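Structure first, then comments.
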Protein chains: 2
Amino acid sequence: MKEELECEQTIIHEDVIKKVSKKIKDEDELVDLAEFFKIFADSTRIRIINALIHSDMCVCDIAYLLNMTHSAISHQLKILKQAKIVKYEKIGKVVYYSLDDDHIERIFHMGVNHIEERK
Amino acid sequence: MKEELECEQTIIHEDVIKKVSKKIKDEDELVDLAEFFKIFADSTRIRIINALIHSDMCVCDIAYLLNMTHSAISHQLKILKQAKIVKYEKIGKVVYYSLDDDHIERIFHMGVNHIEERK
DNA sequence: TGAATATATGAACAATTATTCATATATTCA
DNA sequence: TGAATATATGAATAATTGTTCATATATTCA
């Protein structure tokens, strides 16, 4: 027989499907949620976030601290900015970045806790 | 002049660097943390997690619910399994997946809250 | 104004990763 | 035992994404 259309008649637990499909969030919202976690899913960005937890910093400071080029840091800061993870203030030539709110720090620490607990 | 070696003498805020470098976590730990968030950073996996919050489910159920192939779901479940996000129990031919602990659900909801608050 | 400095950014390249396809394994049941 | 079913998986492909390189913009200060 031809490959069946993937479970079209083979729902194993129809009751479960019914119950769960009522409760799960819209696909759109879950796509946004994945997008949000994507921000934390890069070690450069996580290191920037970790640094900014402790102090506002300018691009040059961050680049020096992480031993990376200004360009790489600037690109990642752009992503963090667009995602409203960081805010910034320009004073003269220097742009100071800081975490947008303490929600970010809480999510960071929740991840840390999980990592440390499973050791 | 040649492109300077990226801030080697141009530390703008030496005091900040000093303070922050003492407080930030080891790079290794932050790499692990990014790896952990990577698990949540895919919409298929987030949708699986969201489903499993509401009920244990088998591969076929999940595939039907998300309208995806068994293979795609199985591959993602493998990643979730390896990351200890889900656990499973095989009964006969059927493998039932469930969230490994309620930590996972809390991290999921923390993300949801952030998304919803910023609307 | 012009040199120096701090940051930003487009394009190219390299690396990673999700899905598909084909196939394999495991289990049930006639 | 053999057909049917549920799940798993390796390899290939397609898509996404991080960094580098070159260059642009903005600001200060002599």
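Every chain is numbered from 1, with letters handed out A, B, ... down the list of sequences. Predicted model only: the values in this text are computed from it and were never measured.
In this structure, A:Lys93 does not reach the D:dC29 phosphate: none of its side-chain N or O atoms is under 4.0 Å from OP1 or OP2. One finds a side-chain N or O of A:Thr69 lying less than 4.0 angstrom from the OP1 or OP2 phosphate oxygen of D:dT20. Under 4.0 angstrom from either OP1 or OP2 of D:dA26 there lies no side-chain N or O belonging to A:Lys90. Remark: B:Lys81 is in phosphate contact with D:dA8, judged by side-chain N or O atoms under 4.0 Å from OP1 or OP2.
No engagement by A:Tyr96 is indicated, since no non-hydrogen atom pair under 4.0 Å with the nucleic acid exists. B:Tyr97 comes within 4.0 angstrom of the backbone, heavy atoms only, and of no base. Heavy atoms of B:Ile91 sit nowhere under 4.0 angstrom from any nucleic acid atom.
Under the Watson-Crick and G-U wobble criteria, each requiring two contacts below 3.5 Å, nucleotide C:dT28 is paired to D:dA3.
Comparing atom distances between the A:His75 side chain and each of D:dT5, C:dT9, C:dC21 picks out C:dT9 as nearest.
Rounded to a whole Å, the CE atom of A:Met68 is 16 Å from the C1' atom of C:dT7. Here the C1' atom of nucleotide D:dG10 and the NZ atom of B:Lys78 are 9 Å apart, to the nearest Å. One interatomic measurement links the two molecules: CZ of A:Arg47 to C1' of D:dG18, which rounds to 14 Å at whole-angstrom precision.
Between A:Phe37 and B:Phe40, the ring planes are tilted. Angles from 30° to 60° get that label.
Residue side chain A:Ser71 reaches the base of C:dT9 through a donor-acceptor N/O pair under 3.5 Å, judged by distance alone.
Along DNA chain D, the nucleotide closest to A:Gly92 and the one closest to A:Arg45 are compared, and the more 5′ of them pairs with A:Arg45.
For the pair A:Tyr97 and A:Leu80, the minimum side-chain heavy-atom distance is 4.5 Å or more. By the 4.5 Å heavy-atom criterion applied to side chains, A:Ser21 and B:Leu65 are counted as neighbours.
A side-chain hydrogen bond (donor to acceptor under 3.5 Å, both in side chains) with B:Gln76 is found for exactly one of B:Lys81, B:Arg47, B:Arg45, namely B:Arg45.
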